[in-house]
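What follows is one structure encoded as structure tokens, with my remarks underneath.
All ligand and atom numbering here is 1-based and tracks the order in the structure. Note that these values count all heavy atoms, side chains included, but never hydrogens, waters or copies made by symmetry.
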Amino acid sequence: MLTAIVGINWGDEGKGRMVDLLSANEDVVVRYQGGNNAGHTVVNHLGKFILNLLPSGILREEVVCVMGNGMVIDIEHLTKEMKRLIDAGVKICPENLKISDKAQICMPYHVALDRMEEQRLADRKFGSTGRGISPVYGDKYMKKGIRMGDLLHPEYLRSRLKDIVEFKSMTIEKVYRGEKLSYGAMLDWLLKYGEQLKPFICDTSVYLDRALKEGKRVMLEAQLGALRDIDFGIYPYTSSSSTIAAYGPVGAGVPNHKLDLSIGIMKAYSSCVGEGPFTVEMWGEEAHALREAGGEYGAATGRPRRVGAFDAVASAYGVRMQGADFLALTKMDVLSYMDKIPVCIAYDVNGKILHDFPTGEALNAAKPVFEYLDGWKCDISRIRDFSKLPKEAQEYVLALEKMVNCPIKYISVGAERDAYIER
Ligand code: GDP
Ligand code: MG
């Protein structure tokens, strides 16, 4: 059984929180794309954790976690993240964490290049997290990458690194007028952090294929959301990887297995980190109130997130791109303070009303068309039964369900593992 947990919106929908909840009956949880630009928050009996690279299943002792070939891994960051969790009492060993030999290594020069490029762009910047993600994916497709498996073959690693450092140095020195890279320093970095990770590196594709054939349950955990997908998102303000469910089996290393279930995580309102068109954006007091109510500050970066009303146009598109079978609606409790809840039901693009999510210049020109739904104005965070929700809250869920044309099976009313309603 192969299930994907994916984001319907711009990211930060609460995927980590839902993976932590829904992995109760899973055998394996796999991250299949992205790197430590992710910030997946999990709150359970063990405490509060922000995971950047490790799959959110790591907090369940009986679950095996896999970091797939579609990922980009900053090995220094991973080593520190593992230590932080081990210090908090979480078990991490080669039996419960497996790292793909085909995952790309995010090198210190990728981080440097990411920042140098944002500096060059100045006021035209993309709002990158500065974690080297776009340069490392760029190198992957230029075939200038170093992979986790190379750490197991020091001679090959040395010769490959020599070549790559020479190539990257040219860009850094001649294009950005930065400092020449030191081959020795890069090799030391790889050997230092690689040494600790060696026991975890293996052919995870073989492992997962076997697990699936034995009838095990495997859950794929996405980073970011449909609107940040490199192909289908708000390009060029996307991430550099494929965030959609259909890519899941590829990025996990089991393209021979079909996805059985796609579960979309959709937020009850909108939030977005970084630059790019965000049609439903709120400003001033209105934005401040929602940001505070939802604690909308980046889990990976601490940056205040841009916030806005629920966007039915963008969300319906996200549901379609993710092929979602059903949805989990998160952060419903955050809206409890609102008298009237705005919902964007269409876009007005130069006088033309659109229901299909546009791209490029049409998206830049889009103005939201709002409808206002009644608020419920009371605390719903302790409710565990749909029929016990105030009538207005029930109606909000049913309205959203209709707008995006997909059943909402779970409603999250708090960050803690058990703060949810199942329908
Ligand atoms: P992810 O990147 O999709 O995993 O989401 P993040 O962890 O970046 O952002 C979600 C934030 O909302 C985290 O701080 C969660 O602890 C919190 N959260 C998740 N679900 C709920 C919910 O239903 N209600 C509230 N109030 N907070 C939630
Ligand atoms: Mg996040």
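For the salt bridge (Lys or Arg N to Asp or Glu O under 4.0 Å) criterion with E296, the lone passing option out of K331, R291, R303 is K331.
Applying the ring-ring contact (aromatic ring centres under 6.0 Å, His included) test to every pair with at least one member in residues 211-265, sequence neighbours left out, gives these pairs: F126-Y237.
Rounded to the nearest 0.5 Å, atoms CD (E401) and NZ (K409) are 12.5 Å apart.
Under 3.5 Å, the side chains of Y347 and D356 contain no donor-acceptor pair of N or O atoms.
In this structure, R423 satisfies the cation-pi test against F386, with its NZ or CZ atom closer than 6.0 Å to the six-membered ring centre and inside 45 degrees of the ring normal. Under the 6.0 Å distance and 45° angle rule, K168 does not count as a cation-pi partner of Y109.
Coordination check, A38 versus the Mg ion (ligand 2): failed, since every N/O/S atom of the residue sits at 2.8 Å or beyond.
Angle subtended at the Mg ion (ligand 2) by G39 O and D12 OD1: 160°, rounded to 10 degrees.
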Run the side-chain contact (heavy atoms from CB on, under 4.5 Å) test on M67 and Y32 for me, step by step, so that the C-alpha distance in whole Å, both residues' side-chain angles and the decisive distance to 0.1 Å come before the verdict. CA-CA 7 Å; M67 300 174 67; Y32 65 84; over 6 Å; no

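For ligand 1, the protein residues within 4.0 angstrom (heavy atoms only) are D12, E13, G14, K15, G16, R17, G39, H40, T41, A299, R305, K331, D333, V334, S412, V413, G414, A415.
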